[in-house]
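In the text below, chain A, chain B and the rest are named by the order of the sequence lines, each starting its count at 1.
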Amino acid sequence: MSEISSEQIKEYVLRLADDAVVQGHRLSEWCSHGPFLEEDLALTNVALDFIGRARMFYAYAAKLADDGSTEDSFAYTRDCREFTNLLIHELPRGDFAFTCVRQYLVDEYSLRFMEELCNSEDPTLAAIAAKAIKESRYHLRRSRDWMLRLGDGTAESNRRMQEALNELWGYTHELFEADRFELSLANAGVAVDPSLLRNEWLTAVSTTCEEATLSLPTENWSVRGGREGIHTEHLGHLLSDLQFLQRAYPGLEW
Amino acid sequence: MATPTKLISAIPDEEYQRRLRRANSPRPDLWLKLDAVTDPEIPVVSIWDLGVLQDVEISDEDIVVTITPTYSGCPAMESIEQDIIKCLSTSGLKIRVRSRLAPAWSTSWISDDARQALKTYGIAPPSQAGEALCCPRCGSTELRTISEFGSTACKALFQCLSCHEPFDHFKPF
Ligand SMILES: [Zn+2]
């Protein structure tokens with residue numbers, strides 16, 4: 001681990017923080033738009049877990065940066081190109097089916113990812129992961145349940161779930177791609193090599209889809225770019241909402 | 001070394017250490033004072049009973065209180081922090097509240113007294129191994145899940161099929 005600099009760990013931590021804040025923000029958009037009250041609360045509770053996760057990562061990145069950066073400056077004052085989240089997180093929330101399918105795909109990934117990150121030689125990353133695992137287990141239980149209820153539900157719910165799955169599938173490949181930077185950190189025992197998670201993820205997703213009477217998409221297009229800061233057109237709109245207050249009134253506190 | 005105040009069996013080691021820190025503290029009065037600080041969402045349980053309060057260290061110029069977050073996004077943590085500072089403000093020392101992530105908070109640290117207090121308050125405490133979840137009002141085990149996430153992330157919403165009352169269940173975590 002000695003050859004890894006704190007600047008490199010910071011870059012890695014920001015990736016994980018961006019994933020969590022963007023996912024959390026998309027979920028938070030459901031606040032008061034949920035299909036029924038209990039579901040509204042569940043969505044916003046899961047959102048809160050992701051935003052909490054983002055805060056822990058950003059706070060750690062700020063500590064590593066040691067240049068006056070704060071969790072807020074990372075979240076509120078960086079522009080699109082500086083965000084390095086994976087693209088699947090930034091796609092608009094869509095209908096309830098789309099949100100459920102994305103959450104399920106992300107939860108299956110997140111749980112395995114955090115289980116691995118728990119073994120990181122970086123003690124802070126391992127501690128954050130240990131907290132996140134416990135939350136992810138609950139998230140997955142809920143999102144998997146929705147896959148089954150809506151996939152194996154009415155003709156209309158099945159159609160919407162299948163459409164969402166088809167639309168999201170091309171964005172799942174990026175979850176398992178590691179660039180040279182991530183691999184070098186993984187080799188040093190700090191980061192997770194996500195390619196190692198793929199088989200298990202695919203097995204779990206296939207089993208759920210079969211049970212939910214959904215078919216795994218066969219089209220083989222895939223989109224990538226998030227880790228390089230190349231995003232879909234949706235991230236800018238998300239940030240304009242997320243960052244508005246700090247952009248209009250810099251440094252505002254309440 | 002002082003002996004712990006009561007014999008505790010079968011608790012996780014980190015929880016045993018936490019109780020020792022309190023039992024062996026040179027300033028038991030500070031811990032006692034902090035028993036007045038509760039989770040704003042569950043006002044019947046102190047942050048000590050909840051396992052959030054981890055340590056109280058005192059030096060000549062300041063008091064450092066260590067807490068551990070329950071859920072990562074739990075909005076109660078900030079208000080707990082402010083309550084701690086307010087609670088100890090009469091000491092005349094600078095109060096610092098430090099948050100520690102590891103070991104990760106667990107519902108297995110919740111004391112038996114607190115479990116009873118939760119029940120009386122109408123919240124089913126986190127189920128322990130081999131124990132069936134039951135309605136905090138009538139004790140029935142005939143239940144249905146309304147939602148995996150209740151009024152806060154730490155709770156799930158259930159309904160009792162015997163007395164028909166809905167209730168929160170503090171999820172094992
Ligand atoms: Zn009952």
Side-chain angles (χ1 to χ4, degrees), chain A residues 17 20-21 23-25 27-28 30 34-60 63 71 103 107 114 118 120 122-146 149 254, chain B residues 12-14 39-42 51-52 54 66-82 97-110 126-127 133 143-159 165-173:
Chain A
V21 83
Q23 180 75 19
H25 184 84
L27 284 167
S28 77
W30 279 98
F36 51 93
L37 181 61
E38 286 78 12
E39 189 48 35
D40 202 287
L41 289 172
L43 285 162
T44 41
N45 270 314
V46 179
L48 213 50
D49 282 343
F50 274 90
I51 290 165
R53 199 175 288 187
R55 286 191 62 178
M56 292 192 285
F57 283 129
Y58 281 136
Y60 183 38
K63 196 175 150 208
E71 44 178 295
Q103 195 58 40
D107 287 342
M114 292 301 167
C118 222
S120 171
D122 183 296
T124 308
L125 284 180
I128 296 173
K131 281 206 79 58
I133 287 175
K134 293 181 168 203
E135 293 161 359
S136 282
R137 283 198 193 109
Y138 278 111
H139 299 166
L140 178 59
R141 216 165 82 174
R142 181 181 150 276
S143 59
R144 188 173 187 281
D145 192 46
W146 273 122
R149 282 172 71 182
W254 71 81
Chain B
D13 185 56
E14 69 274 8
D39 183 318
E41 302 281 355
I42 319 164
V52 165
Q54 286 292 316
T66 306
I67 56 174
T68 190
T70 51
Y71 278 68
S72 22
C74 183
M77 295 314 289
E78 272 172 38
S79 101
I80 287 174
E81 225 176 286
Q82 285 160 10
V97 181
R98 198 169 58 182
S99 172
R100 188 168 63 197
L101 293 178
W105 177 79
S106 159
T107 46
S108 61
W109 301 350
I110 298 178
S127 4
L133 175 61
L143 313 165
R144 77 177 182 101
T145 315
I146 298 177
S147 175
E148 289 275 357
F149 292 84
S151 53
T152 59
C154 58
K155 292 177 244 146
L157 196 58
F158 281 81
Q159 188 186 16
E165 283 291 326
F167 67 91
D168 269 333
H169 169 47
F170 205 123
K171 294 184 275 191
F173 193 68

Between B:Cys74, B:Ser147, B:Ala156, the one whose heavy-atom pairs under 4.5 Å with chain A are most numerous: B:Ser147
Under a 4.5 Å heavy-atom cut-off, does chain A meet the side chain of B:Pro103, its backbone, both or neither? neither
May I ask you to decide if B:Pro172's main-chain N or O and A:Lys134's side chain share a donor-acceptor pair within less than 3.5 Å? no
Gap separating the CG atom of A:Leu37 from the CD1 atom of B:Ile146, nearest 0.5 angstrom: 10.5 Å
With a 4.5 angstrom heavy-atom cut-off, which part of B:Ser106 approaches chain A: side chain, backbone, both or neither? both
With only heavy atoms counted, which part of B:Thr68 is less than 4.5 Å from chain A, the side chain, the backbone, both or neither? neither
Highest number of heavy-atom pairs under 4.5 Å with chain B among A:Ala127, A:Ala54, A:Ala132, A:Gly52 belongs to A:Gly52
Quick one: list whatever passes side-chain contact (heavy atoms from CB on, under 4.5 Å) with A:Val46, sequence neighbours left out. A:Leu27, A:Phe50, A:Gln103, A:His139, A:Arg142, B:Phe149
Is a side-chain donor or acceptor of A:Asn45 paired with a backbone partner of B:Gly150 at a separation under 3.5 angstrom? yes
Is it the case that over 12 heavy atoms from other parts of the model lie below 6.0 angstrom from the CD atom of B:Glu165? yes
Less than 4.5 Å apart, any side-chain heavy atom of A:Lys131 and any of B:Tyr71? no
B:Lys171 side-chain N/O to A:Tyr138 backbone N/O, donor-acceptor pair under 3.5 Å: no
